[in-house]
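Throughout, protein chains are lettered first and strands after them, A, B, ... in sequence-line order, and every chain is numbered starting at 1. Just so it is clear, the values below take in all heavy atoms, side chains as well, and ignore hydrogens, waters and symmetry mates.
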Protein chains: 2
Amino acid sequence: MKYLGTFLMLLYASFVGFAQTLIEVKSPDNRLKLNVSLSQKGEVTYGVHLKNTTIIKPSSLGFKLSKPAFTLNHFSLVSADTATHFDTWQPVWGEVKSITNHYKEVKLNLKANPSNVLVQVVFRVFNDGVGFRYEFPEQANFKHFIVADELTQFNLAGNNKTFWIPGDYDTNEYLYNTTKFSEIHALPASNKEKDIALKSVIGDNFVQTPLMMKTPEGIYVNIHEAALVNYPVMHLQADRQNFKLLSHLTPDAVGNKAYLQTPAKTPWRTIIISDKATDILASKTILNLNEPSKIENTSWIKPQKFIGMWWEMHVGKATWEKASGKHGANTGNVKKYIDFAADNGFDGVLVEGWNEGWEDWFGNWKEDVFDFVTPYSDYNLDELLAYSKQRGVKIIMHHETSGSAINYERRIDKAYQFLNEKGINTVKTGYVGRIIPRGEHHDSQWMVNHYNRVADKAVEYKIMLEAHESSRPTGLHRTYPNWLANEAARGNEFNNAPTLGLVPEHETILPFTRLMGGPMDYTPGFFRMHLNQFIPERKTRVRTTLAKQLAMYVTMYSPLQMVGDLPENLKVHPDALQFIKDVPVDWDDTKILEAEPGDYITTARKQKGKDNWFVGGVTDENARKTKINFDFLDKGANYQAIIYRDADNADWEKNPEVYTIEKVTINSNSTLTINLAKGGGFAISLFKL
Amino acid sequence: MKYLGTFLMLLYASFVGFAQTLIEVKSPDNRLKLNVSLSQKGEVTYGVHLKNTTIIKPSSLGFKLSKPAFTLNHFSLVSADTATHFDTWQPVWGEVKSITNHYKEVKLNLKANPSNVLVQVVFRVFNDGVGFRYEFPEQANFKHFIVADELTQFNLAGNNKTFWIPGDYDTNEYLYNTTKFSEIHALPASNKEKDIALKSVIGDNFVQTPLMMKTPEGIYVNIHEAALVNYPVMHLQADRQNFKLLSHLTPDAVGNKAYLQTPAKTPWRTIIISDKATDILASKTILNLNEPSKIENTSWIKPQKFIGMWWEMHVGKATWEKASGKHGANTGNVKKYIDFAADNGFDGVLVEGWNEGWEDWFGNWKEDVFDFVTPYSDYNLDELLAYSKQRGVKIIMHHETSGSAINYERRIDKAYQFLNEKGINTVKTGYVGRIIPRGEHHDSQWMVNHYNRVADKAVEYKIMLEAHESSRPTGLHRTYPNWLANEAARGNEFNNAPTLGLVPEHETILPFTRLMGGPMDYTPGFFRMHLNQFIPERKTRVRTTLAKQLAMYVTMYSPLQMVGDLPENLKVHPDALQFIKDVPVDWDDTKILEAEPGDYITTARKQKGKDNWFVGGVTDENARKTKINFDFLDKGANYQAIIYRDADNADWEKNPEVYTIEKVTINSNSTLTINLAKGGGFAISLFKL
């Protein structure tokens with residue numbers, strides 16, 4: 001395709017005075033079109049179109065540096081290279097067995113004026129979206145540099161319907177807002193949030209990615225980033241009148257954005273586009289833009305289902321700290337969890353509050369809270385390890401850092417050596433509170449590097465990892481398949497937050513937003529919806545039906561799935577629990593059967609290495625009837641289907657815990673009509689007969 | 001002495017409306033007097049007097065907190081306790097064998113109004129000065145707090161002659177300025193400094209401690225701090241019209257000063273006072289205010305004399321980095337240093353530039369420069385360790401952090417394990433450049449904690465430590481006897497700085513300022529004064545005579561003494577080198593024979609465990625004649641004295657390298673008149689016969 005570059009160079013030379021299309025690249029299926037232009041003044045812009053519809057209008061590119069004090073937004077074109085790439089690869093775990101990576105690429109070699117800094121912009125055009133990044137090659141007079149601002153624009157073509165949360169340097173645990181783009185108002189949205197431990201909201205017109213939108217023409221657009229490495233999290237500044245988005249990088253303690261050294265690459269800026277919402281959920285473009293696995297022998301990595309010494313503390317039965325007198329993580333209590341996990345075939349038991357420090361861990365920006373190796377005196381780790389081994393269950397370690405990442409880095413080698421010695425192979429990290437190094441943010445470059453350093457340490461010690469209160473993922477689980485999941489959004493636990501809590505549509509939005517970057521430890525599996533079990537006056541409650549809690553094991557993909565509720569609550573519904581026991585956490589195939597952000601999602605997945613399928617469907621606050629076509633099943637085969645659905649009188653608000661279980665035989669010609677209650681859902685196990 | 005408190009409480013009650021002396025405490029010898037007053041409004045002030053002369057006029061005390069937002073400067077007196085203390089203790093190494101710790105103490109228990117925060121102020125009155133600190137006892141409603149400002153005043157009684165350097169959060173490598181207090185101007189003083197790698201000057205009226213002054217009445221006053229732990233470095237803001245000093249703490253990345261948790265203590269604020277300059281140099285008050293040794297078995301700690309693969313790089317013979325092609329720290333070259341050290345009985349060879357990273361280590365705020373365990377390929381560490389062991393010499397490790405303290409903390413366990421494996425027991429750290437965590441300063445609380453954390457690690461791994469470019473010491477070498485020395489001031493190396501360099505008076509000021517807090521690795525021992533040996537056009541030069549370089553081994557106390565010059569230069573003067581070979585680095589006794597800051601110092605010290613004495617004398621830019629009275633020698637004994645003095649035609653500027661060596665027999669009745677050249681000095685070895 002080299003001719004293309006040459007051809008368009010000529011075009012440029014002959015139309016001085018106008019911004020000319022320099023390069024036009026179509027997706028492999030010719031539906032998506034990227035065009036890149038260079039104005040007479042040297043501004044480089046790109047635009048994206050789906051068939052004849054403009055999705056991204058000409059949008060400029062560039063940087064403002066603070067050292068050297070260069071603005072890199074006027075360029076001369078040195079050369080342009082194009083290429084086509086096709087491969088398939090097998091994820092260590094995932095939603096599908098094999099992933100196709102097919103794109104056309106353009107690499108612009110630019111020289112900035114007047115600084116002469118060489119900048120490359122690489123675009124990759126996939127069938128379902130575009131990714132682009134900046135690269136700074138090694139060059140004699142430009143080695144170290146500090147980014148003051150990235151000047152990437154996303155100029156939308158219209159006043160899109162937008163699913164957004166406020167731009168915030170320290171938290172992504174907001175409830176989603178659904179408004180027209182012109183009606184984004186992050187400050188009131190942030191102000192109503194009283195239950196988030198730490199907020200650093202940027203301004204009224206700043207939002208976070210993944211940002212999900214739907215154009216007036218009904219086209220779905222998702223903006224995010226891929227492969228966030230050695231760079232801060234990108235937030236987006238919205239020009240609400242002109243429907244423009246401008247990249248806004250998270251600053252560090254002194255206001256700088258990124259410290260880079262050539263050769264350097266930014267993360268990929270991703271725009272996933274389709275006229276079908278289901279394509280957005282099925283997209284593998286963000287994964288494809290990440291680097292392959294760093295880990296050669298991945299035999300020690302295993303998707304897991306687990307329960308946790310965790311919800312007890314949230315609902316007021318127990319505490320993390322020992323001094324209260326109702327310490328949850330005591331030996332006897334944890335044994336009950338081990339027994340429950342073993343009895344139900346779960347892989348692990350997460351134990352929070354196991355270690356000294358919880359008496360004074362939060363709210364005081366304290367640097368040295370936990371040492372990660374000292375259990376409370378009533379927690380006999382060695383006894384529990386022996387017991388869990390006997391029962392075939394693993395204990396999952398909890399490393400709450402209280403935001404003091406620096407303390408964690410100081411102690412991580414000893415902490416992971418301790419895990420290796422004890423035979424513990426999975427750790428949940430947490431970053432509740434203001435970050436130390438002080439002045440850094442959860443989303444700043446230093447912390448992004450921290451999360452990645454922790455992932456590298458986990459690789460070194462063969463530890464599987466999930467991080468809570470971290471920056472949101474960007475597909476790095478391809479590179480670090482030991483990094484199973486993150487929280488990094490408003491989880492199911494927020495049902496217990498006293499002010500706003502959750503809303504039934506939440507789980508119909510998350511897969512279009514947060515989950516675009518990677519799996520979430522959403523902690524589904526609540527069977528008791530009123531959370532006043534231990535504190536009668538408590539008003540908090542879960543905003544789903546019980547059947548919807550089951551559905552989420554399918555609709556919310558994660559290789560690390562918690563069973564959120566207390567054993568005593570789960571035991572109340574052994575028939576419903578059966579679905580959670582059956583549902584796998586790793587898949588050979590996935591079909592997004594139907595989806596509309598904010599309204600509903602129905603997903604079917606095929607069990608890893610088996611012929612069984614599992615279907616989950618969720619709805620928002622509206623009841624709905626859906627018809628499932630089972631044509632994804634093997635032709636000619638019969639399946640024993642167990643259907644877990646909302647009872648006819650179910651309603652998330654009035655009657656959430658009633659459900660119906662039916663067994664039927666299903667084949668690929670079958671269809672099934674299912675009613676979802678308000679805030680409801682359903683789950684189906686399909687065992688091949 | 002309990003009656004005192006009671007008596008004065010009554011006094012206070014009966015004179016409402018005036019600031020009344022609440023407590024008056026005299027030093028054990030009754031010469032110094034501290035009085036503490038409480039005004040009707042609740043302001044607590046202290047004053048200090050030497051006999052009938054006021055040194056510190058009523059000066060207020062207190063704090064401004066940012067969280068909780070309290071100002072603690074109005075108090076009610078809850079109670080006052082007084083006590084007397086006397087003990088003697090033996091330092092692991094030092095200037096004297098035994099140290100007397102004798103003081104009277106007052107502890108005020110105060111309650112701040114209106115916050116009800118309990119604050120204690122503890123004063124200790126020694127014969128040669130006063131120390132006081134704030135303590136925050138455990139209390140129910142005040143646990144974590146953030147210091148916005150410490151409001152400690154030092155109100156001077158007059159326009160003192162002041163030896164000062166500009167207040168600066170990141171460097172103490174300034175040349176000293178000598179002016180009246182009213183004429184302090186830190187900005188022009190800072191602006192003329194072009195050779196300091198990183199400056200963060202605070203403002204025109206800010207100076208650093210130790211601050212040396214001489215009152216119009218001729219009384220010497222030194223203000224500093226002792227036991228700087230978990231607190232930022234205190235700078236001083238000068239009210240030049242009213243002769244007042246106000247504490248100014250070094251801020252962190254977000255502008256806070258200190259994060260504390262009760263029970264908490266500030267460092268001691270020290271005011272050393274005497275009508276004799278020699279008493280200032282002999283004071284052990286700062287040491288006495290530090291905690292005893294943390295280390296029980298100190299047998300592995302040894303004062304050391306060493307040479308360095310170091311000055312080669314400064315004078316342009318070699319480079320730290322390997323890529324230049326003239327890498328100093330190559331195996332063959334280091335062997336020559338080992339041979340020279342062994343041949344002359346020195347303990348160690350410091351090797352800088354031994355490890356990978358020097359090609360890109362400075363100036364770019366780069367976080368991950370050195371790993372502290374990877375030698376350059378031309379530096380065969382194992383071969384050199386074997387060779388040095390065979391020759392009875394130790395290799396001293398160099399850990400330059402390039403200011404990235406965070407990277408050092410991350411790697412310190414592996415780095416010190418590496419030292420243990422290799423049998424290396426001494427490390428020189430360095431902090432050149434802007435600090436990472438970014439936004440922190442060399443003098444901020446986090447970095448103070450860092451230096452102390454490194455000292456703790458060094459204790460853990462039995463490593464002796466010296467830090468360069470750190471905050472200046474505060475007597476912590478009592479607590480950490482493995483922490484042999486610091487740089488933390490303008491060292492002898494500044495003779496090679498192209499702009500200002502050094503001045504001959506420098507070494508007559510340092511003992512009164514920087515050395516008040518602890519030993520300095522000043523790197524004396526330059527024998528070649530013109531530094532154009534390898535770069536002919538180089539104009540830099542040493543600003544002393546050769547004899548003065550010898551004298552500094554006595555006048556500038558350190559248990560870690562470098563022999564600064566290159567072996568080939570030292571070999572030119574084997575007779576002068578003999579003094580450096582003979583002079584010990586540990587002492588049983590010290591007599592400051594005469595001293596005047598900025599003019600001259602003559603010191604005699606008695607060798608540890610031996611009956612030999614060594615005398616050193618230095619002068620400033622003026623020649624001087626001094627008469628030494630040897631009455632400190634054992635009565636009736638004879639000593640073989642070797643006198644190393646400036647030749648009659650010596651002059652630091654015109655003829656610095658000429659000296660005379662004489663041998664005479666000396667006893668306790670002897671006197672000796674010695675002429676010191678301009679910028680000159682002398683050294684005397686006295687071997688008991």
Practice task
Using a cut-off of under 4.5 Å on heavy-atom pairs, state which of A:E440, A:R453, A:Q261 scores highest against chain B.
Solution key: A:R453

Practice task
Can you establish whether the number of heavy atoms outside A:K64 located under 6.0 Å from its atom NZ is more than 12?
Solution key: no

Practice task
Report the C-alpha separation of B:D360 and A:K143 in whole Å, then their side-chain angles, then the decisive distance to 0.1 Å, and conclude whether the side-chain contact (heavy atoms from CB on, under 4.5 Å) test is met.
Solution key: CA-CA 10 Å; B:D360 179 23; A:K143 190 169 182 184; 4.0 Å; yes

Problem - When B:R438, B:E409, B:K67 are compared by non-hydrogen pairs under 4.5 Å with chain A, the top option - result: B:R438

Handout entry: Residue B:K457 excluded, over 12 heavy atoms near NZ under 6.0 Å
Key = yes

Practice task
Could you tell me which portion of A:R411 (side chain, backbone, both or neither) has an atom closer than 4.5 angstrom to a non-hydrogen atom of chain B?
Solution key: neither

Exercise for the section: Would you please name every residue forming a side-chain contact (heavy atoms from CB on, under 4.5 Å) with B:L198, sequence neighbours left out? Expected result: B:D170, B:R434, B:H442

Practice task
With chain A as the partner chain, list the residues of residues 364-374 of chain B whose heavy atoms fall under 4.5 Å from it, by residue number, and write 'none' if nothing qualifies.
Solution key: B:N364, B:W365, B:K366, B:E367

Exercise for the section: Apply side-chain contact (heavy atoms from CB on, under 4.5 Å) to B:P137 and list each qualifying residue two or more places apart in sequence or on a separate chain. Expected result: B:L118, B:Q120, B:Q139

Problem - side-chain contact (heavy atoms from CB on, under 4.5 Å) partners of A:N230, counting only residues at least two apart - result: A:L260, A:Q445, A:N449

Exercise for the section: Compare all side-chain heavy atoms of A:K414 with those of B:D413 and state whether any distance is below 4.5 angstrom. Expected result: yes

Handout entry: Pairs of heavy atoms under 4.5 Å with chain A: top-ranked of B:I406, B:N256, B:I436
Key = B:I406

